[in-house]
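First the structure, in the form of structure tokens, and then the observations on it.
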2 protein chains.
Amino acid sequence: MSSLKTVIDSVPGFKVAGVACGLKKHTQLDLALIVSDQPCTVAGVFTRNAVKAAPLHICMDRLARNPNGIHALVINTGSANAMTGEQGLQDAQETTQIAAQALGLHADDVLVLSTGVIGQRLKMDKIVSGIQAAAADLGNNWHRAASAIMTTDTMPKTVSICVQHPSGATYTIAGIAKGAGMIAPNMGTMLSVIVTDAALTVEQANHVLHHATDATFNRIVIDGDTSTNDAVLLMANGVSGITIDTPDALAQFETAFTQICRYLAHWIVRDGEGVTKFITVRVDGAPDDNAARQIAYTIATSPLVKTAFYGNDANWGRIVAAAGRAGIPIDQNKIRLYIAPGVDTIENYLLLVENGTPTDYDEAHATRIIEQSDVTVTLELGLGHGTATIWTTDFSHDYVSINADYRT
Amino acid sequence: MSSLKTVIDSVPGFKVAGVACGLKKHTQLDLALIVSDQPCTVAGVFTRNAVKAAPLHICMDRLARNPNGIHALVINTGSANAMTGEQGLQDAQETTQIAAQALGLHADDVLVLSTGVIGQRLKMDKIVSGIQAAAADLGNNWHRAASAIMTTDTMPKTVSICVQHPSGATYTIAGIAKGAGMIAPNMGTMLSVIVTDAALTVEQANHVLHHATDATFNRIVIDGDTSTNDAVLLMANGVSGITIDTPDALAQFETAFTQICRYLAHWIVRDGEGVTKFITVRVDGAPDDNAARQIAYTIATSPLVKTAFYGNDANWGRIVAAAGRAGIPIDQNKIRLYIAPGVDTIENYLLLVENGTPTDYDEAHATRIIEQSDVTVTLELGLGHGTATIWTTDFSHDYVSINADYRT
């Protein structure tokens with residue numbers, strides 16, 4: 001397997017475009033179109049928010065009926081097309097019809113995703129001209145397509161990998177993603193599309209997507225808020241002629257696919273609203289993995305923990321207090337806590353707490369670690385074998401500024 | 001019943017002091033002592049955080065054994081005496097012994113509460129001199145005592161009420177409180193002491209305290225973090241000679257006591273870290289009260305909702321998105337949402353959403369309401385008769401500044 005690249009040169013059988021059609025202010029790219037020559041097998045995971053945007057209903061319906069025949073995907077920004085009632089469903093449907101007409105397809109073969117402000121109708125005249133411009137500009141424009149799905153992101157996110165199948169032939173997996181706020185794990189995800197020219201069955205696509213999402217996109221947090229529009233799609237067009245025909249080949253695909261997802265998930269955190277740090281929260285020794293995850297998640301969303309990181313303050317008391325309110329019985333006298341510079345690492349760690357009381361660590365040493373842009377916090381509970389990792393951020397003045405002013 | 005007063009002139013049988021003994025920087029008041037001539041009946045509620053500070057263990061133990069014989073309470077700031085192991089328990093115990101000695105009492109008759117930084121030992125030499133100074137300065141110093149328990153609070157919080165028993169005699173209920181961060185409902189509370197010269201049984205004291213706390217202190221949120229040191233104590237010394245001898249008298253006491261608690265709870269929110277607004281979140285029409293509370297709590301803690309309020313942005317999409325991720329099945333097409341200026345009110349409301357879609361409200365009108373310092377948001381779900389109210393705040397640059405710099 002080759003290593004990840006942060007560009008997408010091309011994926012056989014896929015053509016994409018990103019255009020500006022006036023959905024966002026100024027002349028920002030705001031509409032993306034992804035088209036496959038061949039029908040794709042598609043798997044999707046969608047927000048678990050009880051309030052779901054109209055395009056997600058369209059996607060879920062089409063994937064239930066036609067998971068092997070998808071040819072194209074339209075993604076617009078500016079409006080989330082959420083809380084828009086029957087009109088919103090009609091607008092989403094019409095979007096797929098317009099794209100189908102422009103591409104010579106059936107509307108059932110087209111999916112649509114939206115991101116932007118909740119409660120605003122799609123501007124259908126702009127959608128029409130955007131789709132027509134995008135259809136006329138299809139090519140290997142992955143950077144433009146990734147740019148066209150950004151909201152408060154500061155940079156487009158693209159990543160690809162080339163995989164050599166046991167037979168010797170190679171296929172590609174490539175993904176784009178957006179998301180910088182309304183990010184919370186374990187409930188939904190954000191918006192990402194990952195394509196491959198390998199051939200997958202519907203079962204394989206769903207299996208791989210759900211496993212990888214649970215281990216990556218569902219383990220990041222920026223603010224604990226879960227969007228109404230989150231979605232991750234895996235689109236496999238089979239143009240390479242390579243089928244995932246053995247358990248080894250499936251394991252290989254899943255490994256490569258999970259790498260893509262993890263890379264995009266981490267990138268979303270690094271580009272989170274107002275972020276100055278990338279923080280790995282590891283919990284070990286919990287009663288079970290779910291308990292570990294719940295504690296790690298509570299630490300990772302705590303405003304007090306996140307503002308302490310922003311202030312370069314190794315304030316472990318807040319970490320322990322957050323762990324204590326996670327709803328899991330813990331024994332405070334068994335708590336062990338250490339910090340280390342880097343991502344998901346214990347190298348060069350500094351022990352701050354042992355047996356529930358502070359060690360005589362050097363505060364200046366702790367501050368030197370916390371000042372790094374990448375910090376790993378490990379909390380050992382000494383209760384069992386449950387373990388979990390969540391990736392999170394600090395909470396800065398800029399997060400407040402960005403979200404106090406978002407609609408203005 | 002008289003109305004609430006925000007000063008405490010005196011409470012028969014109680015004497016208090018607030019002194020500066022060097023636990024905090026400069027010459028800030030940092031230790032409070034509350035003493036009753038007569039033994040008190042005391043009820044307490046304590047943090048539900050699994051990590052509990054040492055003084056809370058001392059209080060819980062003494063209240064279990066001696067709920068009718070408490071004479072005094074010491075409260076220190078500077079150190080939370082949490083995550084301090086066996087040494088912390090010894091220090092808390094020693095604090096009560098020092099106070100008992102200074103006051104001619106038995107250590108079992110003295111309680112202790114602490115608030116401040118987690119993981120730091122009490123400075124026992126300062127505690128000794130503080131308690132001695134406080135014991136020498138006992139009187140009607142409620143304002144000084146309330147000042148001495150402040151951390152990031154900007155003002156001391158005192159409130160009292162005079163109640164006329166059906167017999168014609170009068171008694172007083174008076175309370176002090178602190179808390180400006182690490183505030184979350186439904187798990188613990190903050191630090192408050194409420195005293196009365198009425199006589200209560202242990203059962204009455206516990207009944208009234210639990211009911212009132214659940215309806216007031218447990219319904220406020222500043223940041224969603226729950227402290228390791230939260231506690232509310234009700235101390236009744238019976239010096240008025242008035243017993244709560246009839247169901248009517250108990251109802252009357254409970255009403256007055258709940259008013260005291262609500263006033264202090266609201267005050268904590270108004271004096272929350274970096275707060276610019278007081279926001280009432282009402283949820284009606286939920287499947288049941290617990291579901292309503294869970295949804296109201298999720299809205300009240302959402303960083304996106306809170307930053308929108310700070311930005312004077314009537315961004316109802318974020319409110320609905322937060323409701324949707326609360327874990328309660330809701331029907332987005334039944335959602336009705338309106339905002340009104342004021343505390344817990346629907347007067348002069350503006351309807352923003354009906355049947356799950358935006359009305360054609362005037363954005364300038366919505367902004368005029370949101371710009372008020374008191375705003376009530378009401379979300380109707382149309383599913384049942386469950387209802388709940390949570391009081392919360394906005395999320396400002398100053399919250400980040402205060403908590404990024406707290407230990408420095």
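In what follows, chains carry the letters A, B, and so on, assigned in the order in which the sequence lines appear, proteins first and then strands, with residues in each chain numbered from 1.
The candidate from A:G85, A:G356, A:A323 with the greatest count of non-hydrogen atom pairs under 4.5 Å with chain B is A:G356. Between chain A and the residues B:I330, B:V320, B:V51, the largest count of heavy-atom pairs under 4.5 Å involves B:V51. Each of A:S396, A:A326, A:G324 has some count of heavy-atom pairs under 4.5 Å with chain B, and the biggest count is that of A:G324. Between chain B and the options A:N333, A:T84, A:T307, the largest number of non-hydrogen pairs under 4.5 Å is found for A:T307.
By the salt bridge (charged side-chain N to carboxylate O under 4.0 Å, His left out) test, A:E86 pairs with no residue at all, sequence neighbours left out.
A:D61 places no side-chain N or O within donor-acceptor distance of the main-chain N or O of A:C59, the cut-off being under 3.5 Å. Side chain of B:K123 to main chain of B:L23: no donor-acceptor pair is present (N/O by atom type, distance under 3.5 Å, no hydrogens or angles).
A donor-acceptor pair shorter than 3.5 Å can be found between the side chains of A:S114 and A:N76.
Proximity to chain B is absent for every atom of A:L352, based on heavy atoms less than 4.5 angstrom apart.
Ring planes of B:F395 and A:F395: tilted class, angle from 30 to 60°.
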